[in-house]
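Since the structure comes first, as structure tokens, the remarks are kept for the end.
Values in this document were obtained by computation on a predicted structure and should not be read as measured data.
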Amino acid sequence: MVVNVNYENSIIDINTYMMMGMDKPEDIAKLLPLSDIYKDLAQPAAKQVGGALESTAKVARLLLAPIEYLAAQSDRWQRYLTRIAEQVPEERRIEAHPQVAGPVLEGLRYVDENNVIADLFINLLARAIDRDRVSEAHPAFASIISQLSSDEAQIIFWLRKKRFLYRQYAAFNSEQKTFSAKQVIENEFPTNKLIFPENFAVYMDHLHSLNLAGIWQQGNQEPIFEGEAAIQTGVNITSYAQLTSFGSMFAQACVPEKLPDSIA
């Protein structure tokens with residue numbers, strides 16, 4: 001008998017500020033609902049000003065902090081907008097839907113410019129203003145990107161190219177009729193490309209929870225027999241790491257064709 005194992009931002013108008021001295025990025029900025037997205041952020045600070053007149057220093061901080069922040073960030077935003085402009089010809093540009101643009105602009109505030117996660121956000125924004133590819137800009141993608149690590153983004157990058165063989169072995173105790181935990185005996189995925197390669201299995205579990213990718217068994221498990229009595233001692237399990245259909249759509253919309261030089 002064969003036994004198988006079963007494992008189942010700001011007080012001032014940020015839009016106006018960013019468009020100062022801009023050419024192509026200005027055109028892109030007009031398509032993003034920046035004022036609407038950030039106007040709510042101004043309210044708490046504005047309300048505090050009324051009650052802070054007794055403290056000149058506090059008022060000064062409230063008034064100057066947004067300007068100092070924008071001055072530090074303006075060059076970065078201009079570079080983002082330039083990259084988007086390069087992806088979308090002027091004749092194809094449309095206004096981005098706030099449901100997509102809002103979360104993306106918020107997410108970009110918290111990632112390093114050279115991080116692959118920034119690339120994902122920028123590509124999604126480019127799809128959102130592209131008449132021919134706006135259908136790829138699913139509203140869920142922005143929140144998904146915010147949950148990804150750099151390594152997980154890399155995994156999606158490689159899985160977009162092909163699926164990878166993932167073989168495991170599980171020992172079988174014929175007396176107790178139980179299997180031990182599975183052990184990986186072969187993994188074709190280039191884990192050496194990851195920052196933390198030891199977390200590959202955890203990354204795949206997380207990507208599976210997001211419905212982006214997973215590791216699925218291919219065919220039947222292969223029983224292993226030993227000795228003249230042909231006692232089953234375990235099974236080999238052949239699986240593949242690959243994208244889901246939703247993951248493929250995500251990769252098509254967000255994942256760059258080339259990884260940033262910092263991690264390539």
Reference residue N236; test side chain to side chain contact (heavy atoms under 4.5 Å, CB included); the match among Q221, E222, E186, Q168: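 Considering Q221, E222, E186, Q168, a side chain to side chain contact (heavy atoms under 4.5 Å, CB included) with N236 is found only for E222.
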Partner of F200 by side chain to side chain contact (heavy atoms under 4.5 Å, CB included), out of D151, V184, N187: N187
T178: side chain to side chain contact (heavy atoms under 4.5 Å, CB included) partners, not counting sequence neighbours: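 Partners of T178 under the side chain to side chain contact (heavy atoms under 4.5 Å, CB included) test: N173, Q176.
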Partner residues of V134 under the side chain to side chain contact (heavy atoms under 4.5 Å, CB included) criterion, sequence neighbours left out: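 With neighbours one apart ignored, the set is I94.
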Find out whether [X] and [Y] are in side-chain contact, i.e. whether some heavy atom of one side chain is under 4.5 Å from a heavy atom of the other.
X	Y	answer
L105	W77	yes
F189	Y166	no
D130	Q87	no
N199	L194	no
L148	F250	yes
L120	P256	yes
Q252	R133	yes
L165	Y240	yes

Rounded to the nearest 0.5 Å, what separates atom [atom1] in [X] from atom [atom2] in [Y]?
X	Y	atom1	atom2	answer
S239	R163	OG	CZ	10.5 Å
K258	D119	NZ	CG	10.0 Å
E91	D132	CD	CG	9.0 Å
R167	Q218	CZ	CD	13.0 Å
S149	L207	OG	CG	7.5 Å

Do you know which two heavy atoms are closest between [X] and [Y], and how far apart they sit?
X	Y	value
V235	Q232	CG1-NE2, 3.3 Å
R93	V88	NE-O, 2.9 Å
F121	P103	CE2-O, 4.5 Å
Y169	I185	CB-CG2, 3.9 Å
F164	E188	CD2-O, 3.5 Å
T244	N211	OG1-O, 2.6 Å

Criterion side-chain contact (heavy atoms from CB on, under 4.5 Å) on L259 and W158, from CA distance to verdict: CA-CA 10 Å; L259 290 173; W158 292 107; 4.2 Å; yes
Short side-chain to backbone donor-acceptor contact, R160 and V255, under 3.5 Å: yes
Polar side-chain atom of S146 near backbone of G107 as donor-acceptor pair, under 3.5 Å: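 Looks like no, no N/O pair under 3.5 Å.
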Charged N-O contact under 4.0 Å between R127 and E136: yes
Check: F141 ring centre within less than 6.0 Å of F246 ring centre: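 Ring centres of F246 and F141 closer than 6.0 Å.
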